[in-house]
Amino acid sequence: MTKILYAQPVRDKIIVDLKSRIKILKRKNITPWLKVVLVGDDPSSHIYTRNKKKFIEKIGGKCDIIKVESSIKELQFRQLIESLSLEKGLHGLLIQLPLPNHLSHIDVGNLIDSNLDVDGLNSSNIGELLKNKEPGKYFCPCTPKGILTLLQYYDIPISGKNVCILGRSLIVGKPLANLLTNYNATVTTCHSKTENIEECTKRADLIITAIGKPRFLTKKFINKSGNQILVDVGINKTSDGKLCGDIDFEEIQKNVAGITPVPGGVGPMTILSLAQNLLQAAEKSL
Ligand code: GUN
């Protein structure tokens, strides 16, 4: 039987811990506070940031979305982030990605102080991940952290396993490869220039897709064992306005041991990780 790896039970379990930690903070007059900078009017980014705010507020935190016109000049944008970083009592600052083309070259991680960098994109946090620092001693990027939490909840072994990651982005593929290596997986990262992706995916115990290509991963990429685990980071819109992942869920689901759904899989886990990182930041101020 294929196991569908839903985020909901993981969230239900972890939310209890988050709420009780926030209660302790509030007794000391600390409310975990996040600011999210949202540039332009990309509909998906608006939905994601709204979901982040909703979840942070649900657990008792505070979240402001700072909406900025897509026409903002680079200098003004940099000044805005600098002034937001100086806000007293703020615990986390996040710039929603992607940015409009004229700002997309900016190294956003390094615009944000490493202590406010709940996205884990600052060079210092990335460095600590490479060094395999203890969890809680740095901010781990939210999607990789969420995937790890999901795999651990469902008792999916990582140590000694072959993992194939499709996608080498700074926000998912690269940090995820490092994080799972820290947990003793043997990781191969595939990308647009990889020759013979199928060879790698067929060999893997665990396949993680983060390429933003609707239903890219079909039956021809998996082996016949029925033992593989598939994690889908993609959230793509189809021509009829529905959401689908990078994996052809319908075609593949009966041929694997476990698979994450889209929506309801990695997306909510990313938000959960963000809340965990925000609490970690707030607890530092105790
Ligand atoms: N856009 C899509 N996912 C993310 C994320 O985890 N962080 C930021 N900052 N932008 C995103």
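Numbering of ligands and ligand atoms starts at 1, following listing order.
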Nearest-0.5 Å distance that lies between atom SG in Cys164 and atom NZ in Lys202: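 Going from SG on Cys164 over to NZ on Lys202, the span is 12.5 Å.
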Approximate separation, where rounding is to 0.5 Å, of Ile229 CD1 and Thr2 OG1: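 Taking CD1 in Ile229 and OG1 in Thr2, the distance rounds to 9.5 Å.
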Contact list for residues 190-245, test ring-ring contact (aromatic ring centres under 6.0 Å, His included), sequence neighbours left out: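 Sorted result for residues 190-245: Phe216-Phe221.
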What does the contact table look like for ligand 1 (nitrogen or oxygen on each side, cut-off under 3.5 Å)?
| from | atom 1 | to | atom 2 | distance (Å) |
| --- | --- | --- | --- | --- |
| ligand 1 | 1 (N) | Gln96 | NE2 | 3.2 |
| ligand 1 | 1 (N) | Leu97 | O | 2.9 |
| ligand 1 | 7 (N) | Asp119 | OD1 | 3.1 |
| ligand 1 | 7 (N) | Asp119 | OD2 | 3.2 |
| ligand 1 | 9 (N) | Ile95 | O | 2.7 |
| ligand 1 | 9 (N) | Asp119 | OD2 | 2.5 |
| ligand 1 | 10 (N) | Leu97 | N | 2.9 |

Pair Arg78-Glu82, salt bridge (charged side-chain N to carboxylate O under 4.0 Å, His left out): steps then yes or no: CA-CA 6 Å; Arg78 287 181 182 276; Glu82 209 171 293; over 6 Å; no
Flag side-chain contact, heavy atom, 4.5 Å: Val262 against Phe249: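 Sidechains of Phe249 and Val262: no contact.
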hydrophobic_cluster_shared for Ile208 and Leu129, side chain cutoff 4.5 Å: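 In one cluster: yes.
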